[in-house]
Amino acid sequence: MKAHAGDALNGPQLQAVKAIQGPVLIIAGAGSGKTRVITYRIAYMLERGIPQSAILALTFTNKAAREMEARVKELTHKKLQSLTISTFHAFGVKILRDEIERLGYRKNFSIYDETDRMQLIKDSLRECKLSPEGVDLYALGQLFSNIKIGRLNWGEAANTAFQPVYEEYQQRLKIFNALDFEDLLVIPITLFEHYPEVLEKYRRRYRYIMVDEFQDTSLTQYQLMRLLVNPWERNVCVVGDDDQSIYSWRGANYENIRMFERDFPGTLEIKLEQNYRSTTTILEAANGVISNNINRKEKKLWSGNGGGKPIEIFTPQNESDEADFIVATIKKIRLKEGLTYNDFGVLIRTNSLTRPLEEAFLAENIPYRVSGGTSFFQRKEIKDILSYLRVIANVDDDVNLLRIINTPRRGIGKTTVAALTDLARQQQSSFWSAMGILRYAVDTFSDQSFQETDNADVDSFMTLIEKYKEAMLGKRGLSQKVRALVDEIDYWGYLVTEFSKHEQVARWKFTNISSLIESIAQWEHDPDNLDPTLYPYLNRISLITRDDGEDPADKGKVNLMTIHAAKGLEFPVVFIAAAEDGIIPHARSLEAGDGDLEEERRLFYVAITRARDKLFISSCLKRRRLQSTIECSPSPFLAEIPSHLVEYAEAKNPETSAAEAEDVLALLKNRFT
C-alpha cells in the first residue's frame with residue numbers, strides 16, 4: 001500500500017487495513033480512528049486490484065456514507081462509479097428495485113413514510129370493525145414493527161386481538177404496491193431465503209463486505225449481512241465497539257458481536273485501543289466506569305496526548321446554580337484559552353433538562369444550538385403561550401395573533417380567518433384592526449361573509465387580550481398573571497382534548513408550561529432585575545427565537561445536546577449536566593434490570609469520551625420536578641471514576657474571585673493593545 005501506509009496508521013490500524021481475507025472483527029474504541037481504517041481498507045483493496053463492484057460497505061446514515069465515499073476518493077483519486085457505500089435501508093431498496101417482481105410486486109413500488117403508515121393502520125382498524133379513536137396508534141405501530149422483524153411473535157404479544165388488523169395491514173400494503181420501512185430489510189431477506197439463485201447472484205458480486213458501527217445493527221440487519229457473505233470466501237469485516245452500544249430502544253443488538261464470532265469461526269479479532277481524541281485522564285476515567293460492565297469485550301483505551309487536567313465535579317444547590325456554573329465556566333475558559341463557543345459541548349440525558357441551561361445562556365447572551373431534541377422555547381406549547389404574551393404586548397403582531405386566534409379552539413375557524421385576512425388587505429391594516437372593524441361594524445357587511453356568531457367569538461377574544469394588556473403592561477407580578485391567563489384560556493383542557501389517548505403527553509406539555517411560568521418567576525425575583533415587566537421579558541427571550549444567520553463574531557454556538565445525539569462528536573471542553581441518580585442512570589433503566597443498567601453505563605461512557613481536553617460533571621443537591629423540589633443523589637457512575645482523577649469544584653471565595661477578575665482584566669488589556 002504505497003501511498004497509504006507509513007506513519008498515517010499505527011500498528012493495529014495497519015493490520016486491520018491489510019486483513020482483507022476471511023472474517024475480521026475490528027473492536028474500535030472511542031476516538032481510535034475507525035473511519036480512517038475503513039476508508040484506507042477500501043483504498044487498499046482497490047490498490048490490490050479488487051474491482052469496485054465487488055466491494056460493499058454498509059453504514060447507518062447517509063451522511064456517514066457520503067463522508068466515507070469522499071474520503072476514499074481523496075485517497076485513491078479515482079471515480080467510484082461501481083463502488084457501493086450505502087446505508088442498510090438504501091441497499092435494501094437497491095435489491096428490491098431489481099428483484100421485487102418475483103414476490104408479486106411491481107417495480108414502481110411506493111415507500112410509505114410514518115404518516116402514510118399511520119393512515120393505513122387506521123384504515124385497517126376500521127376494516128376490522130375497530131375504532132382508531134380507542135387505540136394507541138403509536139404503540140400499535142411499534143407492535144407491528146416488532147412482529148415484522150421477528151422481535152415478537154403473536155404468542156408473545158400482549159394483545160393478540162390486533163393480529164387480524166396486522167394481517168389486513170399487510171394485505172393492503174401488497175394491494176397498494178407499497179412497502180413500509182421495515183420491509184426494506186425484511187423483504188430482501190425473504191427474497192434471499194426463497195430464491196437461492198438471487199442470493200447467489202449477490203454473493204458472487206459482493207465478495208468483500210464491510211459493516212460500520214456494527215454494535216448498532218439490529219437482528220434483521222445482521223441476518224441480511226450474514227446471508228450476503230459468500231460462505232466459501234467469508235470476506236467480511238465488521239467494525240464496532242460494544243462499549244458504545246446505546247440504541248437498544250430502536251432495535252440495536254450489541255450481542256451481534258458475539259453472534260458474529262459464533263457464525264464465523266476463526267474470526268481474526270483486532271483491537272484499536274489508541275485514542276487520538278482525549279487526554280489520559282479522561283480515558284482512565286472512561287475505562288474505570290465501563291470496566292464495571294460484565295457483558296463486554298475487554299479493552300483499555302490509551303492516549304499519547306498526555307495526562308491532562310483533572311475531571312472537575314461540581315455539586316450545585318439546584319438546576320439554576322448548575323446552569324450558572326456552566327455558563328460562568330464557559331465564559332472564563334473561552335476568554336482564557338481563546339476557544340470559540342463551538343468548542344464547548346453541554347450534554348444531558350434527556351431533552352427535558354434544557355430549560356434552565358437555555359435560560360442561563362440567554363441571560364449571558366451566549367449563542368447556542370440544541371441537538372437531539374427541540375429547544376425548550378421552540379416547543380409548541382411554549383410558543384403558544386409566548387405568542388399570547390407577544391400579542392398582549394403588540395396587538396398588531398399578525399404572525400403571533402394568527403397562531404393563537406383559535407388555540408385553544410374558540411370558534412374562529414378558517415372561513416372567518418380568511419375573510420378577516422381579505423378585510424385587512426383591503427383596509428391595509430393589521431389583522432387586529434380588521435377584527436375591530438368586524439367587532440363594531442358587523443352590520444355593514446352586506447355580503448354576509450361574517451355571521452353574528454363570528455362577531456361574538458371575535459369580541460370574546462379581543463376582550464381577553466385587552467383584559468391582560470391592562471393587567472400586564474408596565475406592572476409587576478408577571479408570572480402570576482401568565483398563570484391566570486393559562487387557566488382562563490383552559491390550556492390544560494385543550495391539551496387533554498388534543499391528546500385524549502395520550503394523557504401522559506398532555507401532562508408533560510403542561511409541565512413545560514409550568515416550567516416556563518416558574519422561570520418567569522425566577523427572572524422577576526432576581527434582585528439584579530430592575531424592570532421585571534412584560535416588554536423586557538419578551539426582549540430577553542427574542543434572541544432564542546430569531547431566525548437570522550450566525551454572526552461571524554460569535555465564533556459558532558455552544559452545543560447543547562442529548563448524549564445520544566453527541567455520539568460520534570467531540571469537543572475540547574465537555575460538561576455533563578444532571579449526573580444524578582434517576583437521570584443518569586435513568587429511572588426506567590433501574591426498573592428494567594441489569595441489561596438496561598449496563599446500557600446506561602455505556603451511555604455515560606460515551607458522554608465522557610466526547611471530551612478532548614477538559615471534562616466537567618455537575619450533580620445537583622436538589623432539582624425541581626413538576627411543582628415540587630426533590631432531594632437528589634449523585635449518579636452511582638461518579639463513584640466508578642478513579643478518585644485520583646477527580647477534583648471537586650467549590651464556590652470560589654472572594655479573594656479567589658478577585659484574583660480571577662484581575663487575570664481576566666489583564667487578558668482583555670492584552671487582547672486590545
Side-chain angles (χ1 to χ4, degrees), residues 318-320 323 348 350-363 370 373-394 397 399-410 461 464-465 467-469 471-473 475-526 532-545 560 578 623-630:
N318 54 42
E319 63 270 29
S320 296
I348 49 177
T350 65
N351 194 240
S352 61
L353 298 164
T354 65
R355 198 269 302 163
L357 293 160
E358 292 190 62
E359 286 274 344
F361 288 138
L362 182 60
V370 177
T374 308
S375 164
F376 178 81
F377 293 96
Q378 292 296 328
R379 294 171 189 170
K380 180 187 182 301
E381 61 275 15
I382 300 302
K383 291 187 77 169
D384 285 347
I385 303 307
L386 291 177
S387 288
Y388 270 97
L389 299 184
R390 288 195 170 106
V391 171
I392 288 165
N394 173 20
D397 182 343
V399 170
N400 283 291
L401 191 149
L402 288 169
R403 180 182 184 89
I404 60 167
I405 193 167
N406 206 35
T407 303
R409 291 182 175 81
R410 53 173 56 90
F461 175 70
L464 174 79
I465 298 300
K467 172 184 172 181
Y468 281 94
K469 194 176 187 73
M472 287 188 188
L473 290 190
K475 298 180 181 177
R476 293 178 180 259
L478 182 61
S479 59
Q480 293 177 351
K481 289 161 186 170
V482 174
R483 191 179 298 280
L485 171 65
V486 170
D487 290 341
E488 183 160 348
I489 64 177
D490 191 19
Y491 201 87
W492 166 245
Y494 164 70
L495 289 173
V496 169
T497 303
E498 290 293 297
F499 301 96
S500 58
K501 306 303 177 188
H502 306 281
E503 188 176 331
Q504 279 186 317
V505 176
R507 288 189 181 282
W508 181 77
K509 287 178 173 290
F510 200 71
T511 299
N512 286 337
I513 291 174
S514 297
S515 185
L516 173 70
I517 295 169
E518 178 66 26
S519 74
I520 296 172
Q522 290 174 359
W523 171 77
E524 65 183 341
H525 293 132
D526 183 343
T533 55
L534 181 60
Y535 283 124
Y537 177 74
L538 292 175
N539 290 338
R540 178 175 176 268
I541 63 168
S542 63
L543 289 173
I544 281 234
T545 52
L560 174 58
R623 184 173 293 275
R624 283 192 67 83
R625 288 190 188 164
L626 301 179
Q627 298 301 311
S628 60
T629 299
I630 63 165

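Values reported hereafter were calculated over all heavy atoms of this structure, with side chains retained and with hydrogens, waters and symmetry mates removed.
Of the candidates N318, L353, T629, L353 is the only one forming a side chain to side chain contact (heavy atoms under 4.5 Å, CB included) with R623.
The backbone N or O of S519 sits nowhere less than 3.5 Å from a side-chain atom of E359 that would complete a donor-acceptor pair. Of the possible donor and acceptor atoms, one in the side chain of Y535 sits under 3.5 Å from a partner among the backbone N and O of A393. Distance alone, capped at 3.5 Å, places no donor-acceptor pair between the S515 side chain and the T511 backbone. K469 places a side-chain N or O within 3.5 Å of a backbone atom of I392 that can act as its donor or acceptor partner.
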> Do M472 and V482 pass the side-chain contact (heavy atoms from CB on, under 4.5 Å) test, and can you show the C-alpha distance, the side-chain angles, and the key distance before you say yes or no?
Replying inline: CA-CA 9 Å; M472 287 188 188; V482 174; 4.1 Å; yes
>> Before you tell me yes or no, could you show the steps for I404 and N400 under side-chain contact (heavy atoms from CB on, under 4.5 Å), namely the whole-Å CA-CA distance, both residues' side-chain angles and the distance that decides it to 0.1 Å?
In response: CA-CA 7 Å; I404 60 167; N400 283 291; over 6 Å; no
>> For Y491 and L485: C-alpha separation, side-chain torsions, deciding distance, then whether side-chain contact (heavy atoms from CB on, under 4.5 Å) applies.
In response: CA-CA 9 Å; Y491 201 87; L485 171 65; over 6 Å; no
>> Using side-chain contact (heavy atoms from CB on, under 4.5 Å), reason through V370 and E358 one step at a time and then give a plain yes or no.
In response: CA-CA 9 Å; V370 177; E358 292 190 62; 4.2 Å; yes
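Between I382 and R355 the shortest side-chain heavy-atom distance does not fall below 4.5 Å. Contact check for Y537 versus S479: no side-chain heavy atoms found under the 4.5 Å cut-off. Between V486 and Y388 there is no side-chain heavy-atom pair separated by less than 4.5 Å. Using a 4.5 Å heavy-atom threshold, the side chains of T533 and K475 count as separate.
Applying the side chain to side chain donor-acceptor pair (under 3.5 Å) criterion to K467, with sequence neighbours excluded, gives E488. Evaluation of the side chain to side chain donor-acceptor pair (under 3.5 Å) rule for K509 yields E381 as partners, not counting sequence neighbours.
More than 12 heavy atoms of other residues, nucleotides or ligands shown are found within 6.0 angstrom of CD on Q522.
Nearest approach of R476 to P532, heavy atoms of both residues: NH1-CG, 3.0 Å. For the residue pair T354 and F376, the shortest heavy atom distance occurs at OG1-CB, 3.7 Å.
Distance CZ/R390 to CG/L534: 10.0 Å, rounded to 0.5 Å. The distance from the CZ atom of F377 to the CG atom of L386 is 7.0 Å, given to the nearest 0.5 Å. T497 OG1 to Y494 OH: the interatomic distance, rounded to the nearest 0.5 Å, is 9.5 Å. The CG atom of L389 lies 12.5 Å from the CG atom of N394; values are rounded to the nearest 0.5 Å. Annotation: the span from T407 atom OG1 to I489 atom CD1 amounts to 9.0 Å, rounded to 0.5 Å. Note that NZ of K383 is 5.0 Å distant from CZ of R403, once rounded to the nearest 0.5 Å.
With salt bridges taken as basic N to acidic carboxylate O contacts below 4.0 Å, none links D487 and R483.
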